[in-house]
Amino acid sequence: MNDILKGNMTNIKIRDIEVYHGSKIVDNSFYIDHFKKQGKDITHFLEDVAGRKKRYLIDEKSENSLTMAKEACKRVLEKSKLEGKDIDMIIFSSVLPQYVSPPCSIIIHNTIKGKMDCFCQDININCAGMTYALDLIYRYMSANSKINKVLLVGSDYLNFQISPNDTSCYGQFGDASCAIVLERTDEDCRLIDSRVTVHSNGISDIVFPKCGFTNIFEGKREDFLASWNVEECPWLDSAITNMNNLLSENNLNINDISMFCLSQYTYKNISYIREKLNIPEKNSIYIGDIYGYTGTTSTFIALYTAIKNGQVRRGDYVMLWTVGAGYFHVAVLLKY
């Protein structure tokens with residue numbers, strides 16, 4: 001029996017969760033027509049593999065990953081009836097933050113008028129960043145009694161790095177941010193456990209910037225955009241093993257989990273995981289057909305939607321799983 005089940009982990013709950021996304025809705029026809037002009041047909045990939053129907057996009061002239069993050073934070077603090085001075089830690093996750101200096105977590109701290117004794121950190125494990133950060137927050141709060149309330153925010157504007165000639169990416173992504181307030185509680189809400197796996201043989205599959213930062217001013221914009229060469233998904237079977245192990249080690253089974261919030265990268269991957277783990281469709285929500293793929297926030301927008309729909313309630317077990325480039329994937333089991 002692990003330390004968590006022995007009672008050594010502090011009870012911590014997701015108090016509130018909010019989402020902000022771009023206001024422009026673009027359906028598949030735009031991208032299908034775009035590639036038809038290039039003599040390419042992406043209909044099967046976009047609809048049957050990726051599972052896309054539409055996506056929300058930002059106004060590129062006035063919005064970015066940071067502006068979205070600020071809005072999501074504003075919404076979740078208002079929902080929680082909290083102010084910046086109530087937050088003891090801010091964690092910001094993004095594949096492509098608007099700034100690396102200063103850290104975006106510090107900019108958010110300034111935006112919400114946070115207190116001086118507030119831990120701030122940016123984290124980037126690409127699409128796995130926010131899910132991994134959630135695990136770190138649970139563990140850090142358990143180790144540091146001074147941390148009572150944490151603001152976790154993820155935000156991605158992935159379309160900025162994608163070539164309009166890339167059939168595997170252009171049309172895949174939506175622009176969105178998600179913010180969460182976590183706090184100590186007497187309720188039976190907590191992290192159960194987590195598992196990570198690294199497949200670092202995939203370090204050349206997804207590279208951004210393609211030319212490397214030291215060379216970004218030397219060539220054309222096309223040299224800067226992401227190189228995307230994902231032929232297969234080597235992480236799926238080990239992800240399934242991780243989730244199975246998390247359940248068995250904690251005396252749980254598939255039917256005990258109210259919701260699997262899985263990476264929304266493609267519908268095909270979710271279908272594969274459902275089949276291998278015997279997960280009912282109603283217990284593995286898919287929102288990639290509405291939002292597109294939103295990167296680091298992918299699993300959390302799924303959770304947000306499930307909570308909003310009444311599919312996840314207090315005391316329910318939830319499994320989050322996602323993967324980042326390289327590859328790094330993480331599964332987190334919690335009691336909501």
Side-chain angles (χ1 to χ4, degrees), residues 21-65 67-68 94-98 124 126-129 154-177 202-213 216 219-233 235 263-271 286-298 301-302 322-327:
H21 56 72
S23 59
K24 182 165 59 175
I25 301 174
V26 180
D27 65 22
N28 286 348
S29 62
F30 173 85
Y31 298 98
I32 291 170
D33 290 344
H34 169 84
F35 281 110
K36 275 184 179 178
K37 294 174 183 176
Q38 299 181 20
K40 304 169 185 175
D41 186 358
I42 64 164
T43 306
H44 168 67
F45 172 76
L46 202 59
E47 296 180 353
D48 303 323
V49 178
R52 304 290 178 252
K53 291 182 180 178
K54 62 180 184 179
R55 70 283 293 147
Y56 296 108
L57 303 181
I58 59 173
D59 179 350
E60 297 176 1
K61 294 181 180 179
S62 61
E63 295 183 285
N64 53 58
S65 61
T67 63
M68 289 194 294
S94 181
V95 173
L96 186 59
Q98 181 69 359
N124 186 352
N126 285 201
C127 301
S155 189
D156 271 326
Y157 167 38
L158 295 172
N159 287 295
F160 175 77
Q161 63 174 321
I162 301 303
S163 167
N165 300 317
D166 190 338
T167 54
S168 62
C169 291
Y170 192 61
Q172 271 275 57
F173 303 109
D175 308 325
S177 179
I203 57 172
S204 300
D205 291 357
I206 303 171
V207 179
F208 174 82
K210 181 166 51 180
C211 60
F213 276 115
I216 60 174
K220 301 176 182 178
R221 185 171 186 269
E222 193 70 24
D223 299 327
F224 172 78
L225 299 177
S227 170
W228 199 284
N229 300 296
V230 182
E231 298 295 336
E232 56 184 21
C233 301
W235 58 81
S263 167
Q264 306 290 300
Y265 175 58
T266 68
Y267 183 74
K268 181 180 179 181
N269 286 352
I270 290 181
S271 296
Y286 182 68
I287 48 89
D289 56 339
I290 299 170
Y291 286 87
Y293 181 56
T294 61
T296 196
T297 62
S298 165
I301 295 179
T322 193
V323 61
Y327 300 96

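For the single chain, residues carry numbers from 1 onward in sequence order. Model, not experiment: these values are computed from the prediction.
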side-chain hydrogen bond (donor to acceptor under 3.5 Å, both in side chains) against E63, all qualifying residues, sequence neighbours excluded: Y20
Listed partners of I206 passing side chain to side chain contact (heavy atoms under 4.5 Å, CB included), at least two apart: W228, V230, A325, Y327
For T296, side chain to side chain contact (heavy atoms under 4.5 Å, CB included) partners two or more places apart: S93, M130, D156
Which atom of K210 lies closest to which atom of D223, heavy atoms considered: CB-O, 3.3 Å
Partner set under ring pair (Phe, Tyr, Trp, His ring centres under 6.0 Å) for Y286, not counting sequence neighbours: Y267
With sequence neighbours excluded, residues passing side chain to side chain contact (heavy atoms under 4.5 Å, CB included) with S163: N165, D166, E222, L225
Donor-acceptor pair, side chain of S155 and main chain of S65, under 3.5 angstrom: yes
Check: residues 29-37 side-chain donor-acceptor pairs under 3.5 Å, at least two apart:
{"residue": "S29", "atom": "OG", "partner": "D27", "partner atom": "OD1", "Å": "2.5"}
{"residue": "H34", "atom": "NE2", "partner": "Q38", "partner atom": "NE2", "Å": "3.3"}
{"residue": "H34", "atom": "NE2", "partner": "P164", "partner atom": "O", "Å": "2.6"}

Any T266 side-chain heavy atom under 4.5 Å of Q172 side chain: yes
Minimum heavy-atom distance S94-P97, with the two atoms named: OG-N, 3.3 Å
With T67 via side-chain hydrogen bond (donor to acceptor under 3.5 Å, both in side chains) - residues at least two apart: none
Crowding at CD1, I203 (>12 non-hydrogen neighbours, <6.0 Å): no
Residues forming a side-chain hydrogen bond (donor to acceptor under 3.5 Å, both in side chains) with D41, sequence neighbours excluded: T43
Residues K54, V26; criterion side chain to side chain contact (heavy atoms under 4.5 Å, CB included); working and verdict: CA-CA 5 Å; K54 62 180 184 179; V26 180; over 6 Å; no
Heavy-atom pair with the smallest gap, counting every atom of I216 and P209: CG2-CG, 4.2 Å
Close side-chain approach of S263 and N269, heavy atoms under 4.5 Å: no
Reported CE-to-CD1 distance for the pair M68 and I58, which is rounded to 0.5 angstrom: 5.0 Å
Heavy-atom pair of closest approach, residues C169 and I162: CB-CG2, 3.6 Å
Donor-acceptor list for residues 287-295 side chains, cut-off 3.5 Å, not counting sequence neighbours:
{"residue": "T294", "atom": "OG1", "partner": "T297", "partner atom": "OG1", "Å": "2.8"}
{"residue": "T294", "atom": "OG1", "partner": "S298", "partner atom": "N", "Å": "3.4"}

R52 vs F45, side chain to side chain contact (heavy atoms under 4.5 Å, CB included): CA-CA, chis, key distance, verdict: CA-CA 9 Å; R52 304 290 178 252; F45 172 76; over 6 Å; no
K53, NZ atom: more than 12 neighbouring heavy atoms under 6.0 Å: no
Partner set under side chain to side chain contact (heavy atoms under 4.5 Å, CB included) for N159, not counting sequence neighbours: L57, Y157, F173, D175
Cation-pi check, R55 onto Y170 ring (under 6.0 Å, within 45° of axis): no
Any residue meeting side-chain hydrogen bond (donor to acceptor under 3.5 Å, both in side chains) with S227, in chain and number order, not counting sequence neighbours: N229
Pairwise side-chain contact, D59 with S23, heavy-atom cut-off 4.5 Å (strictly under): no
